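Okay, structure first, notes after.
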Protein chains: 2
Amino acid sequence: MYEGSGLRARKKRDAMHRIQDTALDLFEERGYDAVTIEEVANAAAFAPRTLYRYFGTKEMLVIWDEHDESAMEPIRRRLVSLDPIDAIRQVLHASFEAMTERELAQLERRLKLIYANPAIEAALTLHADALARHLVGVISSSQDDDLEAHVQVNALVGGILGAMRHWSLSGASTPVMVSIDRALAVLERGVGRSSAHLRANTGNPPASTSAGKGKDHVR
Amino acid sequence: MYEGSGLRARKKRDAMHRIQDTALDLFEERGYDAVTIEEVANAAAFAPRTLYRYFGTKEMLVIWDEHDESAMEPIRRRLVSLDPIDAIRQVLHASFEAMTERELAQLERRLKLIYANPAIEAALTLHADALARHLVGVISSSQDDDLEAHVQVNALVGGILGAMRHWSLSGASTPVMVSIDRALAVLERGVGRSSAHLRANTGNPPASTSAGKGKDHVR
DNA sequence: CAGCCTAAAGGCAGTCACTGCCACAAAGAT
DNA sequence: ATCTTTGTGGCAGTGACTGCCTTTAGGCTG
């Protein structure tokens, strides 16, 4: 596993960018589902087998981000002294500021495709979930309560994804980071409390017994 | 689309239960990945095509819960007057109390399989996510802030899933509902604040510029 | 610079989840 | 009993993904 430099590494990264660009073109043009991996491979002049080696799955052609891999370390570093929300916020802010115009445009392109396509959005959720699991490992090893770490990180990741979806559904007009910032604020305040619509009952039990019929288990 | 009664409906539900039981047996015995849909179908004496019609996907053979479908209404009803956390908590409590011994055992069986198998866990995440989207629709139509609804519901669902995973990873010894209750408490308190490890900095900016290299975008 | 070695790319064949289509059977209405 | 409707079974196909093996090319050594 090589890393940053080396001709091989550069060649691979270049290839991945070319392939992703090609894929985004085709997906935008004809729809994600209507394009097969083989077509992308042909258009990008690579063997299908190679696409699979690079990206693993079809969805990753859209989801993949060059900088994702290197983002874990900074987060991990900050988690030692900061709570999860602040850690994520700082790293995200730094990332967005470091992005070029071209990268930002590419990101929006990808996000639009993601949220226009349930299959890709699903894959993104999974991807984020894997990241969450990673973070849980970091936190709970240096802290007391395991369950609390699980819940906090999962809620955090879920909340951010929710913000991104909302951003996408509402036209993607403002910068994504604004939505994410607002999401983080909501999470800090606590899920129960809404800004408007304030109420005082935080724990009265009853309501219908007639609804006893409506069971649910976990999901 | 029929509902509760009618002989056809009963027959279908019975068949689904039989098929799910068969599937769980096989999956536990030989591992989820090593069992094909066709084998499940044969063992349960149904056509593969029928399994797909009933369950849609292989993962749903494990995830499916008879009562899931009827659970949305009670939640929706409570969301009018309660905040999301209280609504979910009440419905979940009611559901668990209404469960028979046999149903509870089956639930644990399913959960063990789910969390022993990344593919199924992924599908569960997606399933939960779809439910979250539903809830967002209910809330944001009767409330002011769209984004807040997205974030809250997503965080809520994410947090519950986190609790369940933790419960599973830590041996599944206590009742699931206990873990979920604790998760809900964490969410109410706000993601930033941990119970122990209290700190006072909720918004100081800096830290490394050296970490500017570590970018990340969104996912 | 030649030649070796290791790692990556291409090609092939196969598996399996999932789908559309059509013929058939059984539930429910007349 | 007959008609209609709705669900079921079988068939053939698609396409994502994998293991395996061959070939190519980077990267290092003398």
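A quick note: this is a predicted structure, and the numbers were derived from the prediction, not measured.
Distance CG (B:Leu26) to P (C:dC16): 15 Å, rounded to an integer number of Å. Remark: P of C:dC16 and OH of B:Tyr32 are 13 Å apart, rounded to the nearest angstrom. Spacing between atom CZ of B:Phe55 and atom C1' of C:dT19 amounts to 18 Å, rounded to whole angstrom units. Between the C1' atom of C:dA17 and the CG atom of B:Leu61 lies a distance of 12 Å, rounded to the nearest Å. Rounded to whole Å, atom C1' of C:dA9 lies 10 Å from atom NZ of A:Lys11. Rounded to whole angstrom, the span from the NZ atom of B:Lys12 across to the P atom of D:dT8 amounts to 7 Å. The CZ atom of A:Phe46 sits 15 Å away from the P atom of C:dA8 (whole-angstrom rounding). Summarising the geometry, the separation between CZ on A:Arg8 and C1' on D:dA25 is reported as 7 Å, rounded to the nearest angstrom.
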A:Arg89 and A:Asp83: CA distance, side-chain angles, deciding distance, salt bridge (Lys or Arg N to Asp or Glu O under 4.0 Å) verdict: CA-CA 10 Å; A:Arg89 179 164 25 217; A:Asp83 67 60; over 6 Å; no
Apply salt bridge (Lys or Arg N to Asp or Glu O under 4.0 Å) to B:Asp21 and B:Arg102, showing your working. CA-CA 12 Å; B:Asp21 287 342; B:Arg102 208 204 149 282; 3.7 Å; yes
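Of the residues near DNA chain D, B:Pro48 and A:Tyr52, the one whose nearest nucleotide (by heavy atom distance) lies more toward the 5' end is B:Pro48. Judged by closest nucleotide on DNA chain D, B:Ala45 is the one of A:Arg53 and B:Ala45 placed further toward the 5' end. Place B:Val35 and A:Thr50 on DNA chain C by their nearest nucleotides, and A:Thr50 ends up nearer the 5' end.
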Exercise answer: donor-acceptor pairs, residues 113-124 of chain B side-chain atoms, under 3.5 Å, sequence neighbours excluded:
from	atom 1	to	atom 2	distance (Å)
B:Glu121	OE2	A:Arg133	NH1	3.1
B:Glu121	OE2	B:Arg165	NE	2.6
B:Glu121	OE2	B:Arg165	NH2	2.8

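If you check distances only, the side chain of A:Arg49 does reach the base of D:dG19 with a donor-acceptor pair under 3.5 Å.
One N or O on the side chain of A:Asn154 and one on the backbone of B:Gly158 form a donor-acceptor pair closer than 3.5 Å.
With C:dA17, C:dG11, D:dA16 as the candidates, the nucleotide lying closest to the side chain of A:Ala47 is C:dG11.
Contact annotation for A:Tyr54: backbone-only contact, meaning every heavy-atom pair under 4.0 Å involves sugar-phosphate atoms and none involves a base. Residue B:Val40 is out of contact with every strand shown, counting any heavy-atom pair closer than 4.0 Å.
The environment of CD in A:Glu38 is sparse: at most 12 heavy-atom neighbours from other residues, nucleotides or ligands sit within 6.0 Å.
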